[in-house]
Amino acid sequence: MDIGGINLVVLVASLMVAAVPILLAALGELVVEKAGVLNLGVEGMMIMGAICGFITAVGTGSPLLGFLGGALGGMVLSLVFAFLTQVLLANQVATGLALTLFGLGLSSLMGQNYNGIKPPLTGAVPFGPLRDIPVLGRIVFSHDWVVYFSVAMVVLLWWVLKATRLGLIIRAVGESHEAAHALGYKVNRIRLGAIAFGGAMAGMGGAYVSLVRVPQWVDGITAGAGWIALAIVVFASWKPWRALIGAYLFGGISVLQLNLQAAGSAIPVEYLSMSPYLITILVLVIMSSGRGRAALNAPAALGQNFHAAR
Amino acid sequence: MIRLEKRPNPSRFWLYATPVVAVALTMIAGGLMFAALGKNPFEVIRTIFWDPLFGEFAWYLRGQLLVKAGPLVLIAVGLSLGFRAGIWNIGAEGQYIMGAICGAGVGLAFYPTESRLIFPLMILAGAFGGWVWAMIPAILKTRFNTNEILVSLMLVYVAQTILAMASTGFLRNPEGAGFPGSRNFSSYPAAQNPELIAGSGLHWGGVAALAVVVLAYVLLQKHILGFQIKLAGQAPRAARFHGVNPATLVVLCMGISGALAGLAGMFEVTGPAGQISIDFNSGYGFTAIIVAFLGRLNPVGILLGGLLMALTYIGGEMASTNLGLPSSAIQAFQGMLLFFLLGVDVLTNFRIRSLIGRSTTGAR
């Protein structure tokens, strides 16, 4: 199944891998925004996750610990955001930007001695004979565990947000913090938990970039993936399974443009490499115009700080 | 147990004191970071903040101050107008690049003219380039209600790709032996942005920055548009009743900030940078966000904030050559400053009350 020198099965299999970082980060941010917090620092948390995960994995030799280290790195940075916005009531947009600017600087500071090192390999999950099924084996059974973890998180978050008490509380805090406060929920503490979860997910996504996708450390390695994750949350209209579609769509575009570059397509390389960003803009326009469905589904208290007056 | 109590009005004292406190806290936290890197924190802080002004090479470095502060102030004043109105243009870096490409492109198209008109034409082209790039998120925002933060940021990545195309393709120096980068403006006198007073570091970009500070101050204090900008940020509902059209405000604020960022890019590329190259932009568009907050979104404050931020650039370079401090440490230091600015700001709007020894009923 070759189209223009690109094998379709390999394309689908590799888009699933390419989508993992933005999918993890977008799922984390989705929960944060469901709780009514707009954290624009996803890019900063991702790149901190990328370097923390890389350092941990190289230091311990264990990719698993690397992912945990990445999640921890993203979470620690997100707690700075949580402290500033939930305790000191700072503007969320500006603080999120600060998180990104600081994360980019700190990560390149931490990574200065890690250029050109290979991280330990994250192997595929051994499915044995299942891998040899034609087409399906390559697409479904040939990946490392993080790919399956990211899909499992989609299902888990869908279930938690839709069907559990915890999900209801998170949504209540995001829709009307005044009402949630009146019911006795600790608005800022719940939001703090959501922010920490978002940070861990973004950090893990970042670690996937430096440990599997690239895999090495270079400055600015995430190259805007965090911002694309933010756009995917809007695209997904705050629904986990739509975030999966969005992430696979963008993973597909980025893999496709890389493959086209490699296959020596007639389209100049520059146009191909700017395509993911242009398509993100296009998708945002489509989602936000029309009947304003995306705007309707946005959590009502998104981006507003809560200060308990009584 | 302490709790925050909202002030009826923002504190005048803390309005001016918070930037100072934030800078002091950043020096302490940054000092700890430098110490963790194995440097003497006092020496590093002195190299960054004292030596460029009063040290051995101050005669040269003081001039560099205006070179770096010019674009920062120019961009930050534009951004602050939007930030005040709740319009978040964070893609100034892209507008800065596009302004540089358009301004330099017009100049290079007429190479090697000696006409005096070419430089004013390039200034217009630079402002136009930035303006157009900012109009994309502005019009998508007003027409389709698309988030201007994400669109303006995505356009930074697009602009960087166009910059790579320009320096390796359509603006490449035809006599440059195939190396990337455009013709150098230092050998193109009519289109050059020269140092106006030798040794001062003042070029037309610095002049423009000073003029813009004055204009923005007058706009915010005396003009109805300035009033509307402030009103839209502080009380959007009241602004609607006052007859402020949010769409007009978005287009104006984005347009002004884009044009100013474009100007900054054009002045930079024809002056200090000298040519279009893949990495002529040094992240001024993002640092300007910090400058805008450091100056409390006030034009005069931004002028001071820009000078201070320029100092960290110059001092940071000195610290990296003399003390071996990694250049990314300065980037982290600048990001830290924004954290502290935003955090300390709580003192302006809230009073900190201690609950010890008092009845806690009613609290929380």
Side-chain angles (χ1 to χ4, degrees), chain A residues 38 40 43-44 80-81 83-85 87-91 93-112 181 186 219 223-224 227-228 230-231 234 268-271 273-274 276-281 284-290 292 294-295 307-310, chain B residues 3-6 33 37 83 86 88 90 136-137 140-141 143-147 149-151 153-162 164-165 168-169 283 286-287 289-290 292-293 326-347 349-350 362-364:
Chain A
L38 182 63
L40 289 180
E43 178 79 3
V80 176
F81 176 87
F83 177 72
L84 283 170
T85 57
V87 180
L88 298 181
L89 302 167
N91 180 305
V93 173
T95 314
L97 290 175
L99 212 59
T100 295
L101 293 175
F102 179 70
L104 289 173
L106 188 64
S107 65
S108 91
L109 184 63
M110 288 168 74
Q112 53 181 330
H181 176 68
K186 306 279 186 200
D219 281 358
W227 296 103
I228 291 184
L230 276 163
V234 179
V269 175
E270 286 88 356
Y271 292 111
S273 54
M274 69 170 83
Y277 307 110
L278 289 177
I279 289 169
T280 307
I281 294 174
L284 279 174
V285 170
I286 294 169
M287 289 310 293
S288 50
S289 67
H307 177 239
R310 285 183 299 129
Chain B
R3 69 185 296 264
L4 298 171
E5 189 181 283
K6 186 134 179 84
M33 179 176 79
L37 289 166
F83 289 176
W88 297 93
I90 60 166
I136 301 172
L140 293 181
K141 168 90 179 171
R143 181 75 185 75
F144 300 107
N145 197 24
T146 312
N147 184 321
I149 301 174
L150 291 171
V151 174
L153 198 107
M154 288 295 145
L155 288 172
V156 174
Y157 292 97
V158 177
Q160 277 169 349
T161 319
I162 295 176
M165 286 163 78
T168 57
F286 291 118
T287 318
I289 298 172
I290 307 179
F293 280 100
S327 53
S328 48
I330 283 302
Q331 210 187 335
F333 186 77
Q334 290 170 344
M336 224 183 255
L337 176 59
L338 187 48
F339 276 140
F340 281 113
L341 280 166
L342 295 167
V344 173
D345 203 30
V346 73
L347 297 170
N349 293 315
F350 292 89
R364 286 262 160 187

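Chain naming here is simple, since letters A, B, ... match the order of the sequence lines and numbering starts at 1 in each. Here the structure is a predicted model, which means the values were calculated and not measured.
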Pick from [options]: which one has the most heavy-atom pairs with chain A under 4.5 Å?
options: B:G335, B:S328, B:A164, B:P326; value: B:S328
options: B:A332, B:G169, B:S327; value: B:A332
options: B:I149, B:D345, B:N147; value: B:I149
options: B:V344, B:L37, B:L153, B:I90; value: B:L153

Note to self: Testing the basics here: between B:L150 and A:W227, what is the closest heavy-atom pair and its distance to 0.1 Å?
What the structure shows: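 Reported closest heavy-atom pair: CD2-O, 3.8 Å.
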Check: Which pair of heavy atoms, one from A:A223 and one from A:Y277, lies closest together, and at what distance?
Finding: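 Nearest heavy atoms, A:A223 then A:Y277: O-OH, 3.0 Å.
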By a 4.5 Å heavy-atom criterion (distance strictly below it), what part of [X] contacts chain B: side chain, backbone, both, or neither?
X: A:V80; value: side chain
X: A:T95; value: both
X: A:F83; value: neither
X: A:L284; value: both
X: A:I228; value: both

Notebook entry, point to check: So what's closer than 4.5 Å to chain A heavy atoms on B:I330: side chain, backbone, both or neither?
Noted result: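 Contact with chain A is absent: no heavy atom of B:I330 under 4.5 Å.
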Next item on the list: Please state whether the side chain, the backbone, both or neither of B:L337 comes within less than 4.5 Å of a heavy atom of chain A.
Entry: neither
Next item on the list: For chain B, find which of A:L104, A:D219, A:L99, A:T100 contributes the most heavy-atom pairs closer than 4.5 angstrom.
Entry: A:L99
Next item on the list: Among A:L106, A:L278, A:L84, A:L230, single out the residue with the greatest number of heavy-atom pairs under 4.5 Å to chain B.
Entry: A:L84
Item checked: Heavy-atom side-chain contact between B:L155 and B:P137 under 4.5 Å -> yes
Check: Is A:E43 reaching over with its side chain to a backbone N or O of A:G224, donor-acceptor style, under 3.5 angstrom?
Finding: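 Confirmed, A:E43 side chain pairs with A:G224 backbone.
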Next item on the list: Check the angle between the aromatic planes of B:F339 and A:F102 and answer parallel, tilted or perpendicular using the 30° and 60° thresholds.
Entry: perpendicular
